[in-house]
Amino acid sequence: MLQLMKNNPFILRVISVILCIDQYELSERERTIGGGKMSFRIIVQLFVALMVFIISILVAWYEGSQIRNVSWEWKYTTIFSEMLNGPVKQASDILTIDYFVYAAKFFPAFPLLMLLSGTYLLILIGYSLLKQNNKKFSYFLTCIGVLFLTLGGLVSNSPTYGLKLFFYSFIFIGISSIGISLLRLSKNKTKEIY
């Protein structure tokens, strides 16, 4: 067991985080995770974002479970249940993902926090994997931007406050991702010229 811990850089990193060991006290081999170098700051950001994501999922799931008691809303909110199982006739027919739809419509704080922390996780993981190739990371950001603009289009004409908030968030994240991507690409082209 001790040998496994010595040879696994991830376990060494987790132990160093728990014991508050500075990253400079670790050897080069111990700082390397997943074939690339992942700094202590990125690991801490990943950990915090993952914790916020998990907590917001649990709270949104709890808040969204109230849909089981609001039968008149089933027709408008149980989108995924109706796609997969047909019309919802009783509370047991509702899929878990529809809890999140209900929470996003009527209790948007934690679903929005879930969206933001999940997006941050996705971008941070993409950055960690693609930081050696600026062009690929820019394309990755562009794909994220297009995805969020598409999601914004899907919820654009919702009458509820929660989904309007999601619409504006999707549009903002989409435009920001594409804008940052274009800035990174133009900066890269400028470097190539000079």
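All residue numbers refer to positions in the sequence shown, counting from 1. Heavy atoms only: backbone and side chains are in, while hydrogens, waters and symmetry mates are out.
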Original post:
How far apart are the C-alpha atoms of F140 and L122, what are their side-chain angles, what is the distance that settles it, and do they pass the side chain to side chain contact (heavy atoms under 4.5 Å, CB included) test?
Top reply: CA-CA 10 Å; F140 174 73; L122 182 67; 4.1 Å; yes

Taking the side chain as every heavy atom from C-beta outward, state whether [X] and [Y] have any atom pair closer than 4.5 Å.
| X | Y | result |
| --- | --- | --- |
| Y99 | Y62 | no |
| L183 | K187 | no |
| M51 | V48 | no |
| P111 | F166 | yes |
| L116 | I173 | yes |
| I178 | L141 | no |

Original post:
Run the ring pair (Phe, Tyr, Trp, His ring centres under 6.0 Å) check on F172 and Y168 step by step: do they pass?
Top reply: CA-CA 6 Å; F172 177 75; Y168 293 123; over 10 Å; no

**OP:** Kindly check if the number of other-residue, nucleotide or ligand heavy atoms within 6.0 Å of CZ (F110) is above 12?
**Re:**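 No, not enclosed.
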
Subject >> Spacing of N133 atom CG and S138 atom OG [to the nearest 0.5 Å] >> reply: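 Those atoms lie 9.0 Å apart.
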
Original post:
Can you name the one residue among T78, T77, I79, L84 that meets side-chain contact (heavy atoms from CB on, under 4.5 Å) with S81?
Top reply: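 That would be T78; it is the only one of T78, T77, I79, L84 passing the side-chain contact (heavy atoms from CB on, under 4.5 Å) with S81.
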
Original post:
Out of L113, L58, L121, L115, which one pairs with F53 under the side-chain contact (heavy atoms from CB on, under 4.5 Å) rule?
Top reply: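 For F53, the side-chain contact (heavy atoms from CB on, under 4.5 Å) test succeeds with only one of L113, L58, L121, L115, which is L121.
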
Original post:
Between Y127 and F137, how do the two ring planes meet: parallel, tilted or perpendicular, split at 30° and 60°?
Top reply: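 Geometry flag for F137 against Y127: perpendicular rings.
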
